[in-house]
Asks: 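Right, I'll just put the structure down here and ask away after.
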Amino acid sequence: QLQASGGGLVQAGGSLRLSCITSGIMFSRFGMGWFRQAPGKEREFVAAISWTGGRSSERDSVKGRFTISRDNAKNTVYLQMNSLKPEDTAAYYCAADQYGSGSEVAEVYDYWGQGTLVTVSS
């Protein structure tokens with residue numbers, strides 16, 4: 001299971017840290033990703049990290065503002081979001097990839113958590 005938390009209402013320019021704690025999988029061997037879906041829009045990739053944490057990637061629109069990290073001892077992946085913008089408003093989902101690479105492609109992921117809602121007011 002994947003349990004995402006940390007969403008909420010924040011003003012533009014503010015920060016939030018999302019967490020996704022996992023259970024029932026060998027977390028340290030899984031690549032992890034964050035995706036988001038805004039109302040009326042398709043799900044999109046946000047950030048991903050490899051199983052070792054040695055490789056990560058972010059979508060262009062969040063580079064320099066969002067940082068993905070993981071703590072294998074805590075079976076948890078994080079998404080630190082700074083300088084939030086109204087266009088970041090969405091439900092954010094964490095996902096686990098058994099091949100460990102941390103892909104930008106949603107179809108690669110095997111397990112998904114429930115969404116945590118992020119609302120950024122202008």
Side-chain angles (χ1 to χ4, degrees):
Q1 291 185 344
L2 282 67
Q3 182 74 34
S5 63
L9 174 64
V10 64
Q11 289 188 332
S15 298
L16 286 173
R17 188 176 81 155
L18 305 184
S19 299
C20 175
I21 187 166
T22 70
S23 60
I25 64 171
M26 192 173 290
F27 177 79
S28 61
R29 297 298 187 184
F30 276 69
M32 299 297 296
W34 287 97
F35 293 78
R36 67 186 181 187
Q37 187 167 20
K41 295 187 177 181
E42 293 188 352
R43 180 177 55 189
E44 63 183 18
F45 166 77
V46 177
I49 190 166
S50 64
W51 67 284
T52 64
R55 187 178 68 86
S56 64
S57 62
E58 302 85 22
R59 69 180 297 105
D60 287 346
S61 63
V62 308
K63 283 182 178 178
R65 300 189 298 121
F66 291 12
T67 302
I68 188 171
S69 62
R70 65 188 296 155
D71 185 338
N72 285 352
K74 295 182 178 180
N75 295 336
T76 302
V77 62
Y78 304 98
L79 185 67
Q80 178 67 44
M81 305 186 296
N82 299 327
S83 302
L84 282 160
K85 303 176 180 180
E87 52 263 44
D88 295 318
T89 294
Y92 283 71
Y93 299 86
C94 58
D97 160 29
Q98 67 175 328
Y99 292 105
S101 63
S103 173
E104 300 181 8
V105 179
E107 287 74 14
V108 169
Y109 287 83
D110 305 285
Y111 303 100
W112 290 81
Q114 91 295 349
T116 185
L117 185 60
V118 173
T119 303
V120 184
S121 63
S122 57

Asks: Write down the atom of Tyr93, the atom of Gly113, and the distance for their closest heavy-atom approach.
Replies: CD2-O, 3.5 Å
Asks: In Å, rounded to the nearest 0.5 Å, how long is the span from CD of Gln80 to OG1 of Thr67?
Replies: 7.0 Å
Asks: Would you tabulate the side-chain donor-acceptor contacts of residues 114-122 under 3.5 Å, counting partners in other chains and residues two or more places apart, or write 'none'?
Replies:
from   : atom 1 : to   : atom 2 : distance (Å)
Gln114 : OE1    : Ala4 : N      : 3.4
Gln114 : NE2    : Ala4 : O      : 2.7
Thr116 : OG1    : Gly7 : N      : 3.0

Asks: For Phe35 and Phe45, take the angle between the two ring planes, folded into 0 to 90°, and tell me which bin it lands in: parallel under 30, tilted 30 to 60, perpendicular over 60.
Replies: perpendicular
Asks: Calculate, to the nearest 0.5 Å, the distance between atoms CG and OG1 belonging to Leu9 and Thr89 respectively.
Replies: 8.5 Å
Asks: Please enumerate all residues that pass salt bridge (charged side-chain N to carboxylate O under 4.0 Å, His left out) together with Arg65, with sequence neighbours excluded.
Replies: Asp88
Asks: Looking at Ala96 and Ile25, what are the two nearest heavy atoms and their distance?
Replies: CB-CD1, 3.9 Å
Asks: Given the rule that I, L, V, M, F, W and Y join up when any side-chain heavy atoms are under 4.5 Å apart, are Trp34 and Phe66 in one cluster?
Replies: yes
Asks: Any idea which heavy atoms bring Ala90 and Ala38 closest together, and the distance?
Replies: CB-N, 3.8 Å
Asks: Taking atom OH of Tyr111 as the centre, report whether more than 12 heavy atoms of other residues, nucleotides or ligands fall under 6.0 Å from it.
Replies: no
Asks: Please collect all salt bridge (Lys or Arg N to Asp or Glu O under 4.0 Å) contacts where either partner lies in residues 46-62, sequence neighbours excluded, each pair once.
Replies: Glu44-Arg59, Asp60-Lys63
Asks: Name all pairs fulfilling the disulfide (SG to SG under 2.5 Å) condition that reach into residues 92-122, sequence neighbours left out, sorted by first residue then second.
Replies: Cys20-Cys94
Asks: Please name all residues satisfying side chain to side chain donor-acceptor pair (under 3.5 Å) with Tyr92, sequence neighbours left out, ordered by chain then number.
Replies: Arg36
Asks: Do Ile68 and Tyr78 sit in the same hydrophobic cluster, where Ile, Leu, Val, Met, Phe, Trp and Tyr count as joined when their side-chain heavy atoms come under 4.5 Å apart?
Replies: no
Asks: Would a single hydrophobic cluster contain both Leu2 and Ile21, if residues Ile, Leu, Val, Met, Phe, Trp and Tyr are joined by side-chain heavy-atom contacts under 4.5 Å?
Replies: no
Asks: Once rounded to the nearest 0.5 Å, what's the spacing between atom CZ of Arg17 and atom CE of Met81?
Replies: 11.5 Å
Asks: Nearest heavy-atom pair of Ala48 and Tyr109: which atoms, and what distance?
Replies: CB-OH, 3.6 Å
Asks: At what distance, to the nearest 0.5 angstrom, does OG of Ser61 lie from CD of Glu87?
Replies: 8.0 Å
Asks: Tell me which donor-acceptor pairs under 3.5 Å the side chains of residues 70-77 have, and how far apart each pair is, sequence neighbours excluded?
Replies:
from  : atom 1 : to    : atom 2 : distance (Å)
Arg70 : NE     : Asn72 : OD1    : 2.7
Arg70 : NH1    : Phe30 : O      : 2.8
Arg70 : NH1    : Ser50 : O      : 2.9
Arg70 : NH2    : Phe27 : O      : 2.7
Arg70 : NH2    : Phe30 : O      : 3.0
Arg70 : NH2    : Asn72 : OD1    : 3.3
Asp71 : OD1    : Ala73 : N      : 3.0
Asp71 : OD1    : Lys74 : N      : 3.4
Asn72 : ND2    : Trp51 : O      : 3.4
Thr76 : OG1    : Lys74 : O      : 2.7

